[in-house]
Amino acid sequence: MNRADIGLLGLAASSILIAVALGISLWRRLGLERDLLVAALRALVQLLIVGFALQLVVDDDDPLVFSLLWLVVMHVFAAYTTWRRAKDVPSVFALSLLAYSASAVVTLGVLFGFQVYDLEGRTIVPLAGIVVGNSLSATVLVSRRLFDAAKERRPEIEGRLALGLSASDAFRPILRESLRTALVPQIESTKAVGIIALPGAMVGLILAGVDPADAVRVQISVMYLVLGSVATTTAVMSLGISKQLFTRSDQLIRRD
Amino acid sequence: MGTYPAECPRHARQGAHSYVSRVTAPPVFELRDVYAGPADAPILKGIDLVVPCDGILAVAGPSGSGKSTLLRLLNRLDDPLSGTITWEGRDLADWDPKELRRRVAMVFQQAPIFPGTVRDNFLVALPELDDERAHHVLDHVGMPRELLDRPADRLSGGEAQRMSIARALLTDPAVLLADEPTAALDFAARRTVEDLGLEVATSGVPLVWITHDTTQLRRLANHAVVLIAGEVAAFGHISELDVHDDVRVRELVGAPQ
């Protein structure tokens, strides 16, 4: 038997841990019981559905077009989520869709181009999921920061414009800061990996019975993938947003 | 179009009509029926104005009357909703905004301070800045040369404003726009910035200077335009405005009782 073959009984047993959390919430009157239950149930249902759907695309004899279709849906949904979390940023849906797609092309292009992984549903879907999943919060963060900075630091930006700088030159220092802010946490957590945290992919592989040395190699490629994808997505996103903030005559658009 | 003040220098008055043919045209703005501000609630409503003179033109008016809105049109930080503005005989819309803004420089109420030293701030305006030029401009604005490598965020309010004027002068402007440059300063600093403004004007760079301080207006300006509710309430030499029919105009220029 595979070591990671958790039955229904196993699932039920692990849900005791939710009961523990519920107990703490009740005991300390946190008022989080409802949220906890909803979250636990949603995770269960969502993952069961995803598991079922994944079976449709990752079998070796499934045509690759199913996987590609999956990617499209995933990217659109990611763009939609980004839009929901940063609604006031202009053109955020279209821009983030572009950013996620660009990042997928670059990162998956490298991984599959150099045949790090074989090109099949089993690899393309989870890897693309990692790209989007990890880029999402950084993309929302960089969008919000850029947009807020354009409002809060209007005097500084217009000070540069008034000296005859182009919009992109006037905005460059702020763009740089926002990109750094989005990337630094990713770099820090990459540094801490293995010492403070054992990454999920590796834990999953080891639990599923894979040799830890193999699991580590997969994990490293995944981490590099995450770094590359966050960098690509945020770069595309921030360049796109900074174009939206100015008119063609190098004027900072007023949005208040 | 506004009436020309009688005391306006002759070349400038001619300039308003014939600058196209002049080799060194006086820097003249001409606004015709300019509306500006949010499209659903314009702040400026049909401004006709000629800025024909050397020296300092004061822009006075109650807050919300559109003084800053007007000034920001002149270096194209904003564009008007309708109407035309020309500078040196050419429609502002035809100027490359970056080139225009180096010729028509602007200083703000709160001097924007860029990261780094005073020198770093100067380099934003003039990337090829050398020590000689930096010292020259510091001398010009009355700042000690040793401030050049001081972090700019450690300057006092008055020093920061003088630095921002120096920074603007490094682009070699033909006109300087000043949006209440002394409003955030204490009395002593206010006087040094005013003196600097007068000196810049004397050196041949005319200024358009927004102020709500009537003492300052009378100390600096030969001419003033008074805006009320987005319209030109009066325009002319201070002595003309002192005897203007509208009591609001007389108050806004601090006319003697």
Side-chain angles (χ1 to χ4, degrees), chain A residues 87-91 141-142 144-184 187 234-235 238-256, chain B residues 36-39 43 68-69 71-80 92-116 120-127 152-153 160-161 163-173 176-179 184:
Chain A
K87 271 186 194 165
D88 46 351
V89 178
S91 312
L141 180 74
V142 87
R144 289 234 62 87
R145 277 189 64 95
L146 281 176
F147 190 66
D148 293 344
K151 273 190 206 165
E152 285 155 20
R153 295 168 71 175
R154 168 174 282 273
E156 180 191 334
I157 299 167
E158 290 194 327
R160 290 198 186 88
L161 291 177
L163 290 170
L165 271 65
S166 67
S168 58
D169 285 341
F171 199 57
R172 182 164 297 127
I174 292 168
L175 192 80
R176 185 170 164 271
E177 274 173 47
S178 303
L179 269 179
R180 283 181 60 95
T181 319
L183 282 177
V184 163
I187 296 170
T234 49
S238 52
L239 284 175
I241 287 180
S242 48
K243 290 260 177 294
Q244 301 289 313
L245 296 171
F246 295 90
T247 68
R248 295 168 68 112
S249 305
D250 302 273
Q251 294 156 330
L252 181 57
I253 297 170
R254 196 175 288 277
R255 300 180 190 275
D256 36 36
Chain B
I43 296 170
S68 293
T69 308
L71 208 66
R72 293 168 55 90
L73 297 175
L74 301 183
N75 69 345
R76 289 200 66 198
L77 279 183
D78 292 317
D79 282 334
L92 278 196
D94 296 338
W95 284 88
D96 172 30
K98 298 182 283 294
E99 189 193 338
L100 175 77
R101 289 173 193 149
R102 293 182 74 80
R103 312 283 342 268
V104 181
M106 183 181 239
V107 292
F108 301 83
Q109 183 171 337
Q110 285 283 354
I113 292 171
F114 308 140
D120 293 328
N121 272 261
F122 287 172
L123 285 168
V124 174
L126 190 69
D153 54 8
Q161 192 57 280
M163 175 195 78
S164 87
I165 295 172
R167 200 169 61 189
L169 292 176
L170 282 172
T171 66
D172 230 348
L176 185 59
L177 311 174
D179 189 351

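Here is how names work: the chains are called A, B, and so on, in the same order as the sequence lines, proteins then strands, and each is numbered from 1.
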According to side chain to side chain contact (heavy atoms under 4.5 Å, CB included), who are the partners of I43(B), at least two apart in sequence or on a separate chain?
P38(B), T69(B)

Decide yes or no for E158(A) and M106(B): does some side-chain heavy atom of the first lie under 4.5 Å from some side-chain heavy atom of the second?
no

From CG (L161(A)) to CZ (R101(B)), nearest 0.5 Å
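That separation rounds to 5.5 Å.
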
Between CZ of F122(B) and CG of L163(A), what distance do you get to the nearest 0.5 Å?
11.0 Å

Contact part of R103(B) toward chain A, heavy-atom cut-off under 4.5 Å: side chain, backbone, both or neither?
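The answer is neither part of R103(B).
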
Looking at every heavy atom in both [X] and [Y], which two are closest together, and how far apart are they?
{"X": "F108(B)", "Y": "G159(A)", "answer": "CE1-CA, 4.0 Å"}
{"X": "P115(B)", "Y": "E156(A)", "answer": "CD-OE2, 4.4 Å"}
{"X": "S249(A)", "Y": "R76(B)", "answer": "OG-NH2, 3.0 Å"}

Chain B contact via R254(A) - which portion, at a heavy-atom distance below 4.5 Å:
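The answer is the side chain of R254(A).
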
Pick one of side chain, backbone, both or neither for R248(A), based on which atoms fall under 4.5 Å of a heavy atom in chain B.
neither

Please determine, by modelled atom types, if D79(B) and Q251(A) share a side-chain donor-acceptor pair under 3.5 angstrom.
yes

Quick one: which of T247(A), I157(A), D250(A) has the most heavy-atom pairs under 4.5 Å with chain B, could you say?
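Highest number of heavy-atom pairs under 4.5 Å: D250(A).
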
For K243(A), is the NZ atom crowded, meaning more than 12 foreign heavy atoms sit under 6.0 Å from it?
no

